[in-house]
Amino acid sequence: MNICVVGTGYVGLVTGAVFADLGNDVLCVDNDAAKVEALRAGRMPIYEPGLEEMVTRNVGDGRLAFTTDLQAAVRQSDVIFIAVGTPPKATGETDLSQVEAVAAEIGRAMDRYKVVVNKSTVPVGTGELVREVITRHQTRPVEFDVVSNPEFLREGSAIEDTLRPERIVIGAPNQQVAMTLVELYAPLERPMIITDLPSAEVIKYASNAFLACKISFINAIANVCEVAGADVGHVAKGMGLDSRIGREFLQPGLGYGGSCFPKDVDSLIHTAGRFGYDFRLLRAVVEINHERTPHVIGMARKALGGLEDRTLGVLGLAFKPNTDDMREAKSLEVIRRLHAEGARIRAYDPVAMDNARPLLPPATGFCGSAYEAAQGADALVVLTEWNEFRFLNMERIRAALRRPVIVDGRNLYEPERMRRLGFEYHSIGRKAVVPG
Ligand code: NAD
């Protein structure tokens with residue numbers, strides 16, 4: 001099939017690469033000329049395991065190409081995916097200006113029947129809006145259909161998730177249009193849900209909001225464990241083995257960040273409000289999430305008897321492991337606040353430091369390894385659960401630190417092991433380990 005994917009970011013680039021890998025002819029479009037130039041030169045704009053190999057292979061085989069020319073790409077394609085950003089406005093409402101701009105251009109370029117697929121995360125009703133914008137910008141009336149096909153990939157495992165999604169959601173106006181998407185996805189042999197457009201749009205927000213609920217729920221339970229002397233790790237395991245609950249997303253810590261959960265939860269609250277429903281449950285989820293950063297900073301302040309003039313080694317900057325994405329990363333908020341309280345920061349992240357540098361206070365120090373970050377610090381603070389931090393030589397870390405204090409915002413280590421290694425260890429929802 002001839003496909004074009006508009007927006008060559010985390011979602012668009014991965015989607016385009018995977019569709020090409022399945023044997024389709026794919027044109028990836030972006031209005032960021034530097035990004036398109038870099039991709040043509042074989043440089044990936046994002047860090048994503050397995051992406052570069054897949055892009056290189058498909059470009060080499062002539063099935064994948066990059067362009068800034070949306071109009072030409074639309075004319076060449078049967079199916080057009082919209083995968084541009086849908087950032088939040090200050091009110092929590094979703095900013096649909098990128099989607100609308102693309103829809104207008106698609107309308108202007110449309111010369112024959114096309115299927116336009118919304119892959120961006122958009123509030124319920126946006127499919128209708130896209131249809132209306134395209135129609136308004138057509139130079140002559142041409143038939144087309146709009147489909148909703150929300151994306152569920154996770155950064156850090158985006159290729160794997162796109163090749164083996166747990167479900168493919170197709171919201172289409174009729175069975176015939178749905179079949180175009182079914183045919184496209186058929187080689188993946190994964191479960192498909194075929195529904196109407198509004199339901200598909202809601203499925204995406206309901207899923208992300210539910211996962212955010214799980215995170216805030218376990219963080220609230222962690223608060224109870226801390227005062228009650230219970231261990232939230234054991235509690236989460238005991239809950240998660242119940243198949244009705246499941247073990248995933250029951251990791252207590254600094255709470256959710258990233259480019260999706262915060263904005264999607266806010267957007268659903270806003271959309272519900274617009275329809276006259278006050279989504280109190282989600283407002284509480286957001287509030288609990290906001291309390292996580294001050295909570296972890298409070299742990300560090302208490303452990304060190306204040307933060308003024310203290311040096312803190314920070315492990316992890318990306319919003320989660322295996323990505324260089326810094327959008328809404330908790331580290332930004334944590335480090336800004338630590339700075340404001342007079343602490344000095346020595347930070348290390350395996351891949352996100354280049355993206356983090358312009359976003360952090362200029363005084364932030366960047367280090368070449370976790371050991372360097374620990375060197376001479378009064379405490380080590382874990383902000384992202386990168387796997388390499390699990391396997392550090394902790395004796396070397398202890399020797400590098402000025403004081404053997406770890407504040408673990410992601411519960412990466414076993415308290416008992418930290419005790420044996422001679423650390424003072426503070427983690428979430430578990431008893432602190434204080435030597436002596
Ligand atoms: P992104 O910011 O990485 O990529 C968006 C791309 O669109 C950018 O490269 C930008 O230059 C391009 N763009 C913007 N306006 C354009 C225009 N008029 N013409 C051509 N290109 C244009 O965003 P992303 O993370 O890939 O997210 C895209 C959508 O997918 C969002 O709605 C997001 O909520 C959703 N989503 C993201 C993820 C994720 O993990 N990142 C997962 C599921 C869904």
Side-chain angles (χ1 to χ4, degrees), residues 4-18 27-39 44-49 51 66-74 80-89 93-109 116-123 126-127 130 133 137 148-162 165-169 200-201 203-205 207-209 211-212 256-268 318-329 355:
C4 98
V5 183
V6 190
T8 311
Y10 285 88
V11 168
L13 180 55
V14 171
T15 303
V18 167
L27 260 174
C28 281
V29 185
D30 208 286
N31 62 355
D32 179 341
K35 194 178 258 194
V36 169
E37 206 46 56
L39 281 160
M44 296 303 111
I46 53 169
Y47 171 82
E48 194 58 51
L51 179 65
F66 303 98
T67 180
T68 53
D69 190 344
L70 173 55
Q71 302 241 346
V74 166
I80 300 147
F81 282 86
I82 302 177
V84 292
T86 48
K89 294 183 185 174
E93 185 184 356
T94 300
D95 176 354
L96 289 171
S97 57
Q98 296 179 32
V99 173
E100 286 189 55
V102 171
E105 260 198 89
I106 293 173
R108 280 191 285 271
V116 179
V117 186
N118 223 337
K119 196 165 248 319
S120 296
T121 302
V122 290
T126 306
V130 166
V133 173
H137 287 84
S148 165
N149 171 222
E151 181 52 61
F152 298 94
L153 66 76
R154 296 162 298 180
E155 288 176 21
S157 55
I159 293 280
E160 178 62 24
D161 290 346
T162 309
E166 289 188 339
R167 82 294 209 190
I168 295 157
V169 175
E201 291 170 333
I203 286 171
K204 173 65 193 178
Y205 282 100
S207 302
N208 273 4
L211 293 173
Y256 58 84
S259 70
C260 290
F261 282 11
K263 81 167 169 66
D264 292 352
V265 174
D266 287 349
S267 175
L268 183 51
F319 90 88
K320 67 172 185 177
N322 297 325
T323 181
D324 60 353
D325 196 348
M326 286 296 300
R327 291 178 288 185
E328 297 286 320
N355 287 348

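Residue numbers run from 1 in the order of the sequence given. Counting starts at 1 for both ligands and their atoms, following the listed order. Everything quoted here is computed from the prediction, not taken from an experiment.
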(message) Show, in sequence, the C-alpha distance, side-chain angles and deciding distance for Glu155 and Arg327, and conclude whether the salt bridge (charged side-chain N to carboxylate O under 4.0 Å, His left out) test is met.
(response) CA-CA 12 Å; Glu155 288 176 21; Arg327 291 178 288 185; 3.5 Å; yes
For ligand 1, which atoms sit closer than 4.0 Å to a heavy atom of [X]?
{"X": "Thr86", "result": "31 (C), 32 (O), 34 (O)"}
{"X": "Gly7", "result": "6 (C), 7 (O), 12 (C), 21 (N)"}
{"X": "Gly85", "result": "5 (C)"}
{"X": "Ala83", "result": "5 (C), 28 (C)"}
{"X": "Leu153", "result": "40 (O), 42 (C)"}

(request) Look at atom 17 (C) of ligand 1 and say which protein heavy atom is nearest, naming residue and atom and giving the distance to 0.1 Å. (result) Asn31 ND2, 3.3 Å
(message) If you take the nearest heavy atom of each of Leu96, Val99, Val11, which one is closest to atom 36 (N) of ligand 1?
(response) Val11
(message) For atom 33 (C) of ligand 1, tell me which residue out of Lys263, Lys320, Glu151 has the closest non-hydrogen atom.
(response)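 It is Lys263 that holds the nearest heavy atom.
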[X] N/O to ligand 1 N/O under 3.5 Å:
{"X": "Glu155", "answer": "yes"}
{"X": "Lys35", "answer": "yes"}
{"X": "Phe152", "answer": "no"}
{"X": "Thr121", "answer": "yes"}
{"X": "Tyr10", "answer": "yes"}

(message) With no hydrogens and no angle check, just 3.5 Å: does a side-chain donor-acceptor pair link Thr67 and Asp69?
(response)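 No, no side-chain donor-acceptor pair sits under 3.5 Å.
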(request) Please check if any side-chain donor atom of Thr94 sits under 3.5 Å from a side-chain acceptor atom of Ser267, or the reverse. (result) yes
(message) Quick check on Arg154: does its CZ atom have over 12 non-hydrogen neighbours (other residues, nucleotides or ligands) under 6.0 Å away?
(response)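 Open: at most 12 neighbouring heavy atoms sit under 6.0 Å from CZ of Arg154.
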(message) Counting only heavy atoms from other residues, nucleotides and ligands, does the tally under 6.0 Å from CD of Glu37 exceed 12?
(response)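 Atom CD in Glu37 is not packed in, count stays at 12 or less.
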(request) Could I get the full list of side-chain contact (heavy atoms from CB on, under 4.5 Å) partners for Ala329, not counting sequence neighbours? (result)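 For Ala329, the residues satisfying side-chain contact (heavy atoms from CB on, under 4.5 Å) (neighbours in sequence not counted) are Phe319, Met326, Ser331, Leu332.
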(request) Say whether Leu70 and ligand 1 are in contact under the criterion: heavy-atom distance to a ligand atom below 4.0 Å. (result)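 Leu70 does not count as a contact of ligand 1 under the 4.0 Å cut-off.
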(request) Please test Ile46 against Leu51 for side-chain contact (heavy atoms from CB on, under 4.5 Å), starting from the C-alpha separation and ending with a verdict. (result) CA-CA 9 Å; Ile46 53 169; Leu51 179 65; 3.9 Å; yes
(request) Only one of Val36, Asp32, Leu39 passes side-chain contact (heavy atoms from CB on, under 4.5 Å) with Thr8; say which it is. (result) Leu39
